[in-house]
Amino acid sequence: MSRDHFIAAVLANPINRALLERLPALGLPDAWLVSGGVFQTVWNVLTGHAPEHGIKDYDIFYFDPDTSWDAEDAAIRKGRAVFGDLDADIEVRNQARVHLWYEEKFGRPYPALTRASDGIDRFLMHSAQIGIRREGDGYALYAPHGLDDIVEMIVRPNRTANYHPARYTEKAERWKALWPELIVHPA
């Protein structure tokens with residue numbers, strides 16, 4: 001699948017299209033639409049499902065050095081205003097703050113990040129390591145392991161950062177139930 005076909009597949013989901021069109025209105029630095037809403041839409045296009053099939057939520061990562069809860073809360077509220085008419089669960093998260101709450105929630109430390117794509121790098125599997133955003137008249141993609149695992153419907157663990165076998169297995173099993181065509185590598 002070419003880069004242009006990949007982007008066209010992502011845009012086949014009207015939620016993705018609206019999020020990407022409206023994302024600049026949030027005025028958030030280093031903002032990306034990431035992970036499930038992106039790669040699962042491509043899986044849906046490849047398997048003939050409706051573009052929104054199986055997508056739990058849509059994640060927007062940004063990086064603002066202001067790590068106060070008030071600043072992130074303002075971004076979340078602005079996201080609700082800009083995206084409120086969309087029938088989807090949309091999560092807006094400042095990647096500069098993740099290290100402040102991650103250990104309490106998941107029981108393991110998380111390093112301070114320096115940009116939004118650092119958060120993409122830490123996703124549990126290669127196929128989830130994807131971000132897209134508008135740039136000029138086109139789109140920028142961030143995919144540190146490329147697009148092959150997404151297009152070939154391969155789920156393999158990201159063992160270089162944030163590796164958590166139980167969470168990997170849980171997500172992979174949920175996805176395999178929704179997309180039986182997946183090739184899932186063991187944790």
Side-chain angles (χ1 to χ4, degrees), residues 1-13 16 19-20 23-24 28-46 54-65 90-103 105-106 108-136 138-172 174-176 179 181-187:
M1 177 180 283
S2 72
R3 182 182 184 281
D4 289 343
H5 285 108
F6 183 89
I7 292 169
V10 171
L11 297 175
N13 182 333
N16 285 342
L19 290 170
L20 290 165
L23 188 55
L28 298 173
D30 193 20
W32 296 86
L33 172 62
V34 303
S35 197
V38 180
F39 73 87
Q40 292 169 5
T41 295
V42 174
W43 289 351
N44 287 332
V45 168
L46 292 170
I55 299 173
K56 241 170 75 169
D57 58 25
Y58 296 80
D59 297 301
I60 298 197
F61 281 8
Y62 69 100
F63 191 89
D64 182 350
I90 299 159
E91 295 187 3
V92 177
R93 296 293 180 261
N94 184 4
Q95 295 304 289
R97 285 185 40 80
V98 176
H99 69 284
L100 299 174
W101 55 262
Y102 191 92
E103 186 169 7
K105 184 172 181 177
F106 293 109
R108 52 180 42 179
Y110 195 92
L113 304 180
T114 60
R115 62 183 186 223
S117 59
D118 288 346
I120 297 169
D121 293 341
R122 298 186 65 79
F123 281 124
L124 292 170
M125 52 277 300
H126 293 184
S127 55
Q129 294 178 291
I130 184 73
I132 185 171
R133 67 180 172 196
R134 299 244 359 167
E135 281 192 359
Y139 294 90
L141 289 175
Y142 179 79
H145 294 282
L147 304 175
D148 289 347
D149 276 8
I150 298 170
V151 173
E152 295 171 18
M153 298 188 71
I154 296 171
V155 178
R156 82 179 74 231
N158 172 20
R159 291 189 170 95
T160 61
N162 199 39
Y163 184 57
H164 193 299
R167 288 189 60 227
Y168 169 84
T169 300
E170 175 188 330
K171 286 180 178 277
R174 181 179 95 72
W175 297 345
K176 182 74 172 171
W179 297 278
E181 302 87 350
L182 290 176
I183 300 164
V184 177
H185 289 236

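Just so it is clear, the model here is predicted, and its values are computed rather than measured.
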Going by atom types only, do Ser35 and Asp59 share a side-chain donor-acceptor pair under 3.5 Å? no
Take the angle between the ring planes of Trp179 and Trp43 and call it parallel below 30°, perpendicular above 60°, tilted in between. perpendicular
For a 4.5 angstrom cut-off between non-hydrogen side-chain atoms, does Asn16 reach Ile132? no
Least distance between heavy atoms, Leu23 atom then Leu33 atom: CD2-N, 4.2 Å
Quick one: which of Val42, Ile120, Val38 gives a side chain to side chain contact (heavy atoms under 4.5 Å, CB included) with Ile130? Val38
Assess the side chains of Asp121 and Tyr142: does a donor N or O sit below 3.5 Å from an acceptor N or O? yes
Before we go on, tell me: are the rings of Phe39 and Trp175 under 6.0 Å apart, centre to centre? yes
Distance to the ring centre below 6.0 angstrom and angle to the axis at most 45 degrees; does that hold for Arg93 and Tyr62? no
Could you give the distance from CG (Leu46) to OG1 (Thr41), rounded to the nearest 0.5 Å? 11.0 Å
Looking at Arg133 and Asp30, is any side-chain nitrogen of the basic one under 4.0 Å from a carboxylate oxygen of the acidic one? yes
To the nearest 0.5 Å, tell me how far Thr160 OG1 sits from Gln129 CD. 6.5 Å
Measure the shortest side-chain to side-chain distance between Arg159 and Tyr168 over non-hydrogen atoms and say whether it is less than 4.5 angstrom. no
Here the pair of heavy atoms bringing Met1 nearest to Phe6 is SD-CA, 3.5 Å
Heavy atoms only: give me the nearest Tyr163-Pro165 pair and the separation to one decimal. CE2-CG, 3.5 Å
Do Ile154 and His185 have side chains that approach each other closer than 4.5 Å (heavy atoms only, starting at C-beta)? yes
